[in-house]
Number of protein chains: 2
Amino acid sequence: MTAGTAATDTRSRLLDTALKLFSEHGVEGTSLQMIADELGVTKAAVYYHFKTKDEITEAVAAPGVQELDQIIEEARALRSRGAQIDHALSGFVELIVRQRSLLSLYNSDPGIQRVINRAFRTPRGEDVKTRMKAVLAGENPSLADAIAVHVVFTGLAMVGGAPEYAGIDDDTLREHLLEAGRRLLGRPRRKRPDNHLPGR
Amino acid sequence: MTAGTAATDTRSRLLDTALKLFSEHGVEGTSLQMIADELGVTKAAVYYHFKTKDEITEAVAAPGVQELDQIIEEARALRSRGAQIDHALSGFVELIVRQRSLLSLYNSDPGIQRVINRAFRTPRGEDVKTRMKAVLAGENPSLADAIAVHVVFTGLAMVGGAPEYAGIDDDTLREHLLEAGRRLLGRPRRKRPDNHLPGR
DNA sequence: GTCTATACCGCGATAGAC
DNA sequence: GTCTATCGCGGTATAGAC
């Protein structure tokens with residue numbers, strides 16, 4: 001169902017290129033000309049696949065937002081508060097490790113934030129960031145807890161995009177991010193991790 | 001010595017306006033036209049006070065960078081590692097609370113980061129962010145410590161710019177940021193804070 | 001010394017030829 | 001499905017009014 005016409009191929013190559021350039025120069029610092037040049041086509045050819053630059057930005061952001069949304073729903077279905085936090089945190093960290101630069105873009109680029117807040121208020125009213133923080137902090141959290149969660153949420157995501165850690169392998173990075181997150185959220189050190197990708 | 005010609009006044013009003021607009025729309029999302037309109041002058045008038053947009057960005061970023069630099073040097077002059085960390089952390093938090101949006105800009109805007117990395121490699125070789133993280137993490141830190149420091153540094157700064165906490169008073173915010181920072185850095189809870197502005 | 005008028009070129013975006 | 005041509009806005013730049 002996806003072995004791909006030339007168009008689908010160009011489209012996905014375009015999104016890969018866009019994500020790479022967005023991470024290097026920011027969304028607003030990346031021109032359609034740069035994307036077109038990297039792909040070896042003209043600006044207008046890019047416009048065939050996407051009607052606006054915002055649409056490209058949205059398509060780049062979408063997969064991560066969707067995954068976050070799924071993790072949130074899974075976490076909310078769990079019974080104990082501890083299990084909810086554990087699942088949300090480990091899922092979040094897993095996403096950071098797997099996508100690296102994408103999650104940091106969500107917090108470090110005004111251009112992509114504008115698009116996310118406008119395009120993904122769906123499917124459950126509030127935006128993903130708010131909902132994720134709500135799962136981690138619980139209902140009516142104290143100010144201290146709300147702030148700690150905010151620090152964790154933004155801080156962890158930014159590590160994924162930091163060039164200093166680009167060379168660290170996934171398992172090591174995931175372990176350290178989890179440890180930092182648990183410490184700040186006041187969770188006990190865990191023995192057996194809640195593996196997010198069971199058969200890996 | 002500074003009661004002010006019209007020019008100095010326009011210049012400082014311009015920087016205030018720029019910071020406000022940068023925080024709302026990002027550096028690259030803010031046009032010289034917006035700044036000019038807000039001041040009631042023309043684009044070319046703005047261009048009289050600053051030769052380029054980068055120069056405006058640099059002037060907006062400068063005070064915070066300078067203060068960070070001073071805090072770092074003060075901390076490095078202390079004898080014990082604990083005192084160094086305490087001073088660097090409390091100075092950093094104090095700056096976040098006092099400037100709110102400015103410090104979050106440093107971490108959340110590709111435009112201002114470009115300018116900071118290019119313009120403020122002075123006065124001591126490495127950039128301020130790297131040097132601050134070095135003070136907090138010590139020499140040859142473990143990967144776990146380096147990552148924890150990275151999370152604290154970016155996470156705390158982002159809270160200052162978060163609209164959710166714009167209404168919180170300075171003392172309360174400072175207290176919670178310090179608490180979160182100390183917990184993540186593994187510092188004991190403190191009794192008497194290292195007051196950064198003694199007579200306040 | 002402080003500002004306005006005006007023009008230049010690159011960027012996002014649209015229309016239409018091949 | 002891709003390209004040329006064109007338009008309005010944004011950063012830059014200069015000439016000149018006061």
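In what follows, chains are A, B, ... by sequence order, proteins preceding strands, each numbered from 1. What you are looking at is a predicted structure, and each value in this text was computed from that prediction instead of being measured. The basis for the numbers below is simple: all heavy atoms, side chains too, and nothing from hydrogens, waters or symmetry mates.
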Expressed as a whole number of angstroms, how long is the span from A:Arg11:CZ to D:dT2:C1'?
17 Å

Does B:Lys43 reach a base, just sugar-phosphate, or nothing at all? Heavy atoms under 4.0 Å.
base

Find which nucleotide of DNA chain C each of B:Ala44 and A:Met34 is nearest to by heavy atoms, and output the residue with the more 5' nucleotide.
B:Ala44

Using a cut-off of strictly less than 4.0 Å, decide whether B:Thr42 has a side-chain nitrogen or oxygen near OP1 or OP2 of C:dT4.
yes

Over how many whole Å does the gap from B:Gln33 atom CD to D:dT12 atom P extend?
14 Å

Could you give the CZ-to-P distance, from A:Phe50 to C:dT14, as a whole number of Å?
15 Å

Whole angstrom is fine here: how far is it from CD in B:Glu28 over to P in C:dG12?
11 Å

Have a look at B:Pro110 and tell me which of A:Thr30, A:Val27, A:Leu105, A:Asp109 forms a side-chain contact (heavy atoms from CB on, under 4.5 Å) with it.
A:Asp109

Give the intermediate values and the outcome of salt bridge (Lys or Arg N to Asp or Glu O under 4.0 Å) for residues B:Asp16 and B:Arg13.
CA-CA 5 Å; B:Asp16 288 349; B:Arg13 282 200 312 135; over 6 Å; no

Between CD1 of B:Ile56 and C1' of D:dT12 the distance, given in whole Å, is 12 Å

Distance test, side-chain N/O of B:His49 to OP1/OP2 of C:dG1, below 4.0 Å
no

Which nucleotide sits closest to the side chain of B:Leu32: C:dG12, D:dT12, D:dG10?
D:dT12

Hey, is the side chain of B:Thr10 poking within less than 4.0 Å of OP1 or OP2 on C:dT2, counting only N and O atoms?
no

Whole angstrom value for the distance that separates P of C:dT4 from CG of B:Asp37:
11 Å

Mind listing the closest non-hydrogen atom pair of A:Val60 and A:Leu102 along with its distance?
O-CD1, 3.8 Å

Under 4.0 Å from OP1 or OP2 of C:dG12: is there any side-chain N or O of A:Tyr47 that close?
no

Ion pair B:Arg100/B:Asp170, N-O distance below 4.0 Å
yes

Less than 4.0 angstrom between a side-chain N/O of B:Tyr48 and OP1 or OP2 of C:dT2, yes or no?
yes

Verify the neighbour count for atom CG of B:Asn140: are there more than 12 heavy atoms of other residues, nucleotides or ligands below 6.0 Å?
no

Length of the NZ-P vector between A:Lys53 and D:dG10, whole Å
14 Å

Nearest whole angstrom, please: distance from the C1' of C:dC3 to the CG of B:Leu39.
13 Å

